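Atom set for the values below is all heavy atoms of this structure, side chains included, hydrogens, waters and symmetry mates excluded. Note that ligands are numbered from 1 as they come in the structure, with each ligand's atoms numbered from 1 the same way. The model shown is predicted, which means the values in this text are computed figures rather than measured ones.
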Amino acid sequence: MSLQDRDRALVWHPYTQMKTAAPPLPIVRGQGVYLFTEDGRRLLDGISSWWVNIHGHSHPRLNQAIAAQAKTLEHVIFAGATHEPAVDLAERLVGVLPAGLTRVFYSDNGSTAVEVAVKMAVQYWRNRGQASRQRIVALHHAYHGDTVGAMSVSEDSVFTKAFSSLLFPVDRAHPPYCYRCPVNLRRETCGIDCLDDLESRLKSGGDQIAAVLVEPMLQGAGGMIMWPREFLDGVRQLCYRHGVLMIADEVLTGFGRTGRMFACEHASVTPDIICLSKALTAGYLPLAVTAATNAVYDAFLSDDRGKTFFHGHSFTANPLACAVALASLDLIEEGDVLARIVRLERQLREGLAPLAGLPMVGEVRVLGGVAAIELVSNKATKDGGGYLDQIGPRLYSAFLQRGLLLRPLGNVLYFMPPYVVTDAEVDWVIEQIGEVLTLICT
Ligand SMILES: Cc1ncc(COP(=O)(O)O)c(C=O)c1O
């Protein structure tokens, strides 16, 4: 039996309608930006395997880091014990994080990083005697993960609909989705007026609000929405002014994706709490970090054991994952990766700009190593079918036939390769995108 047949008999895949989905890609090997299938195909991984891979697949240095760590300590409970990879990684992260984020709490995936951040914010206020501050303000089009808390703070969508009865209430403010401006202005002439909505929610929420949670500069699964940096700066200032915590979910944006080590750097802001995962381990192993300022951490220090942060997972701070994260940080520093992403951004911007003229292309957006093309059925009305738009699966198949793995978010096609992609490979991808969009969308 083929891998696909054996899979089909027993396995249930994420985000997959098992009745109608095509058989899964049978991947047997990865090398650099390429994935190889059982039936002999080579696919360029244009989505970094769900946005996690940054140095390419099966990188010798990363492989070596895991193998070496496995020889000494594979795992140990992290409550009441510690180990060198976790401490080394905390030291390295504090050295590169926006200044002031000095306490590192480990967990094991992006959703739990967000759950931890939300719980930390709520308990921070409780521990400080302000238990009324329990509400979170998040943004429209947000995506923060699939566990119940992470779904609650995410935008209501097809992802969360079946679970609405389980979700806690969240206040929701406008993001700066300039292509579909929520206050009907144009970026060239606006004064980031969409921020007023957040401000009025903070005013009316008063002492009920614990924190504002945002995906800085790039809202990913909600449609690859890219921000003007002034909005991010505005969020930080509003949080200061209204005395609430700011949580930055950098699960997607962390470690260079947007052209800076962390997206918060675009506006030189330090959030009170930051969430990291995905590229933290270069896409090798599940690991997450929720880092906080000393001010947040101090609120948990007490002789009263009830003020403890009661949260943990079996695989918290897994040594293998910490070891590969350290090796990934080495590669980022040695390889001048951030300069590479700035070049990639320029190439994507120049190469994709002409596609804006195609009939179904509503907008072409580029930030760092991420390019997105929002497709519409009518340019004047900007009608687009959202996540379930049939254009998504059609494009997915068309690109696969050409040896390119792209997985559109409905009507938003995006390209987010490992940073080691070459200029020639990027040119090839741009060519494929141009040809497929011309064939399918005209
Ligand atoms: C911004 C953001 N936060 C959180 C998550 C959830 O991460 P995970 O899938 O590791 O639970 C994602 C995943 O795409 C994300 O993009």
Point to revise | Nearest-contact summary for atom 4 (C) of ligand 1 - protein heavy atom, Å | key: H144 O, 3.2 Å

Review point. Do the numbers put R340 on top of the ring of Y419, so that NZ or CZ is under 6.0 Å from the six-membered ring centre and no more than 45° off the axis?
Key: no

Study note, to complete from the structure: shortest atom 12 (C) of ligand 1-to-protein heavy-atom contact is with Y143 CE2, 3.6 Å

Check your understanding: Mind checking whether F309 and H311 have parallel, tilted or perpendicular rings, split at 30° and 60°?
Key -> parallel

Exercise for review: Take every heavy atom of W51, measure it against each atom of ligand 1, and state whether any distance is under 4.0 Å.
Suggested key: yes

Practice item. Name the orientation class of the two ring planes belonging to F159 and Y143 (parallel below 30°, tilted from 30 to 60°, perpendicular beyond 60°). Key: perpendicular

Check your understanding: In the protein, what heavy atom is nearest to atom 8 (P) of ligand 1, and what distance, to one decimal place, separates them?
Key -> G110 N, 3.5 Å

Study note, to complete from the structure: Nearest non-hydrogen protein atom to atom 1 (C) of ligand 1, with distance, is D249 OD2, 3.3 Å

Exercise for review: May I ask whether K278 places a heavy atom under 4.0 Å from ligand 1?
Suggested key: yes

Practice item. Cation-pi check, K278 to F255: give yes when NZ or CZ is under 6.0 Å from the six-membered ring centre and within 45° of the ring axis, no otherwise. Key: no

Study note, to complete from the structure: Taken to the nearest 0.5 Å, the spacing of S58 OG from N63 CG works out to 4.0 Å

Check your understanding: When you check the gap from the basic side-chain N to the acidic O, do E334 and R61 get nearer than 4.0 Å?
Key -> yes

Exercise for review: Could you tell me which atoms of ligand 1, counted from 1 in the order shown, lie closer than 4.0 angstrom to a heavy atom of N109?
Suggested key: 10 (O), 11 (O)

**Study point:** atom 11 (O) of ligand 1: the protein heavy-atom neighbour that sits closest, reported with distance to 0.1 Å
**Key:** S111 OG, 2.6 Å

